[in-house]
Amino acid sequence: MSTTSPHLTVEELAERWRTTPKAIYGLRHRRRTPPAIKRGRILLFPLAAVEAHEAADLAADAQMPVELRPAEPKRSARRTKRAAPAAAA
């Protein structure tokens, strides 16, 4: 993170949230990130907005009862093609 700028780039936000830049773009598309400023092709996230977003997420998570919290998504086994049914002779 740049100490001179009050903004985070996509790469810096991804590092902060321990994910990939591609995931940040996906979250932004689904409006799950703080508002960003677009400078040409570069997205800048205001640090204050990122911190407020993180605080709101923590507060919302703390208020939700444990039994209602969404479970970690299960990774399904890779599906294999089914064999075509044998034709009746």
Side-chain angles (χ1 to χ4, degrees):
M1 176 172 42
S2 175
T3 57
T4 60
S5 176
H7 299 90
L8 298 176
T9 64
V10 171
E11 291 77 16
E12 291 169 339
L13 184 59
E15 184 179 325
R16 180 181 177 112
W17 287 359
R18 296 182 181 163
T19 188
T20 64
K22 189 173 181 177
I24 297 296
Y25 287 116
L27 290 170
R28 182 173 185 266
H29 177 73
R30 292 187 303 275
R31 298 177 188 245
R32 304 263 187 224
T33 62
I37 301 166
K38 197 163 186 182
R39 296 285 181 234
R41 293 188 297 170
I42 297 174
L43 288 174
L44 298 173
F45 295 91
L47 184 57
V50 170
E51 290 172 344
H53 182 81
E54 292 168 346
D57 276 355
L58 285 175
D61 193 38
Q63 292 174 354
M64 186 182 295
V66 174
E67 61 273 3
L68 297 179
R69 291 184 189 164
E72 289 293 320
K74 293 182 181 178
R75 296 190 181 236
S76 60
R78 188 174 206 181
R79 295 184 181 212
T80 58
K81 291 184 179 180
R82 292 184 179 179

CD1 on Ile24 to CG on Leu43, rounded to 0.5 Å: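 Nearest 0.5 Å value for the CG-CD1 distance: 10.5 Å.
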Interatomic spacing from CD in Glu11 to OG1 in Thr20 - rounded to 0.5 Å: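 Glu11 atom CD to Thr20 atom OG1 measures 10.5 Å (nearest 0.5 Å).
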Positive for side chain to side chain contact (heavy atoms under 4.5 Å, CB included) with His7, one of Val50, Leu44, Leu13: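 Passing option: Leu44.
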Residues which pass side-chain hydrogen bond (donor to acceptor under 3.5 Å, both in side chains) with Glu54, listed by chain and number, not counting sequence neighbours: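 Partners of Glu54 by the side-chain hydrogen bond (donor to acceptor under 3.5 Å, both in side chains) criterion, ordered by chain and then number, come out as Arg16, Trp17.
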May I have the list of side-chain donor-acceptor pairs in residues 30-42 shorter than 3.5 Å, sequence neighbours left out?
{"unit_1": "Arg30", "atom_1": "NH1", "unit_2": "Gly26", "atom_2": "O", "d": "3.4"}

